[in-house]
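Step one of this worksheet: look at the structure below.
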Amino acid sequence: MIFTLKTKHSPELILKSFTDEDFRRFTFERENNILVNETIVGVDIQKRMFFVRKENSVPETIKKITGVGDIEFEINETINLNDYREVSQFEVHNKNLNLFNIKGKRFIDKSDDGKTVLKYEMNVNTRFGKICKYFIERSYK
């Protein structure tokens with residue numbers, strides 16, 4: 001999966017926002033998200049881990065079956081704070097239900113019209129695909 005975002009903000013400002021604690025807390029703490037823990041190692045090239053809980057995010061039927069009401073996930077990324085042109089690597093794991101895993105790369109560049117372009121290339125592995133396939137197969141037998 002590939003998607004692209006464009007913004008008028010400079011690439012340097014976008015890169016700085018990824019490392020700004022207030023911005024990070026604002027981003028993670030929206031829509032019942034709680035930043036439970038974070039670990040940041042390195043100065044110029046950082047390896048970062050964020051543990052996030054999204055409260056009351058599990059559909060009621062799955063909640064009854066599993067007894068789990070919140071989705072917990074871990075974000076790991078490597079980012080170069082000195083060069084926005086260097087590709088950032090990231091991975092997202094679902095921790096408590098083991099339903100998905102996302103691996104990807106983030107590119108930051110400038111377009112010909114002077115706008116900043118954020119491009120994400122992601123590979124999403126999910127158990128929902130198997131569940132949907134099973135449901136469709138059973139429904140149409």
Side-chain angles (χ1 to χ4, degrees), residues 1-140:
M1 175 188 326
I2 298 173
F3 70 91
T4 305
L5 305 169
K6 285 191 174 186
T7 177
K8 61 183 179 184
H9 299 300
S10 72
E12 293 83 6
L13 184 62
I14 296 297
L15 187 62
K16 184 179 181 313
S17 71
F18 291 131
T19 63
D20 182 78
E21 187 174 342
D22 291 334
F23 177 84
R24 197 163 56 247
R25 292 207 177 277
F26 171 77
T27 303
F28 285 136
E29 294 182 1
R30 293 172 57 186
E31 301 175 8
N32 298 332
N33 291 335
I34 297 171
L35 178 58
V36 178
N37 187 24
E38 67 180 358
T39 305
I40 299 174
V41 178
V43 178
D44 295 334
I45 297 177
Q46 286 187 346
K47 292 193 179 289
R48 300 146 39 111
M49 185 283 297
F50 307 107
F51 185 69
V52 180
R53 179 182 302 121
K54 187 168 180 65
E55 293 186 322
N56 300 316
S57 54
V58 176
E60 199 59 38
T61 51
I62 296 175
K63 184 177 178 179
K64 286 179 184 176
I65 295 168
T66 63
V68 176
D70 306 333
I71 292 181
E72 296 176 347
F73 54 97
E74 182 179 291
I75 303 167
N76 291 288
E77 66 180 355
T78 303
I79 184 170
N80 185 338
L81 301 180
N82 295 325
D83 187 1
Y84 70 83
R85 290 178 209 90
E86 188 167 318
V87 176
S88 299
Q89 308 277 338
F90 62 89
E91 188 168 2
V92 182
H93 302 281
N94 172 233
K95 297 299 280 183
N96 58 342
L97 290 175
N98 196 25
L99 294 174
F100 64 85
N101 180 291
I102 302 167
K103 290 184 179 183
K105 299 176 185 177
R106 177 178 54 232
F107 305 82
I108 304 174
D109 209 351
K110 282 188 121 171
S111 64
D112 293 337
D113 61 359
K115 290 192 175 183
T116 300
V117 177
L118 280 83
K119 181 179 175 185
Y120 289 84
E121 290 183 7
M122 297 184 296
N123 182 16
V124 181
N125 293 316
T126 178
R127 292 190 180 210
F128 286 123
K130 291 180 183 176
I131 293 168
C132 292
K133 180 178 181 287
Y134 176 78
F135 176 75
I136 290 167
E137 287 172 349
R138 299 294 294 165
S139 298
Y140 291 96

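These values consider heavy atoms only, across backbone and side chains, with no hydrogens, waters or symmetry-generated copies.
The closest donor-acceptor contact from the side chain of Asp70 to the backbone of Asn56 lies under 3.5 Å. The closest donor-acceptor contact from the side chain of Asp109 to the backbone of Thr116 lies at 3.5 Å or more, if one exists at all.
Between Asn37 and Met49 the shortest side-chain heavy-atom distance falls below 4.5 Å. Residues Lys16 and Leu81 are not in side-chain contact: their nearest non-hydrogen atoms beyond the backbone lie 4.5 Å or more apart. By the 4.5 Å heavy-atom criterion applied to side chains, Lys105 and Ser88 are not counted as neighbours. Inter-residue side-chain proximity for Leu35 and Phe50 is flagged as met; some heavy-atom pair is nearer than 4.5 Å.
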For this session: List the steps, then state whether salt bridge (charged side-chain N to carboxylate O under 4.0 Å, His left out) holds for Glu121 with Arg106.
Result: CA-CA 7 Å; Glu121 290 183 7; Arg106 177 178 54 232; over 6 Å; no
For this session: For salt bridge (charged side-chain N to carboxylate O under 4.0 Å, His left out), just list the numbers for Arg85 and Asp83, CA-CA rounded to whole Å, side-chain angles, deciding distance to a tenth of an Å, and then say yes or no.
Result: CA-CA 5 Å; Arg85 290 178 209 90; Asp83 187 1; 3.5 Å; yes
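A cation-pi arrangement is absent between Arg48 and Phe90 under the rule of less than 6.0 angstrom and at most 45 degrees off the ring axis.
Of the N and O atoms on the side chains of Asn125 and Asn101, not one donor lies less than 3.5 Å from an acceptor on the other residue. Defined by atom type and a distance below 3.5 Å, a donor-acceptor pair is missing between the side-chain atoms of Asn32 and Glu55.
Across all their heavy atoms, Asn94 and Phe73 have their closest contact at CA-CB, 4.1 Å. Between Ile71 and Ser57 the shortest heavy-atom distance is N-OG, 3.2 Å.
None of Leu5, Ile2, Thr4, Ile102 except one satisfies the side chain to side chain contact (heavy atoms under 4.5 Å, CB included) rule with Tyr120; the exception is Leu5.
Between Thr19 atom OG1 and Ile79 atom CD1 the span is 7.0 Å, to the nearest 0.5 Å.
Atom NZ of Lys54 has more than 12 heavy atoms from other residues, nucleotides or ligands within 6.0 Å.
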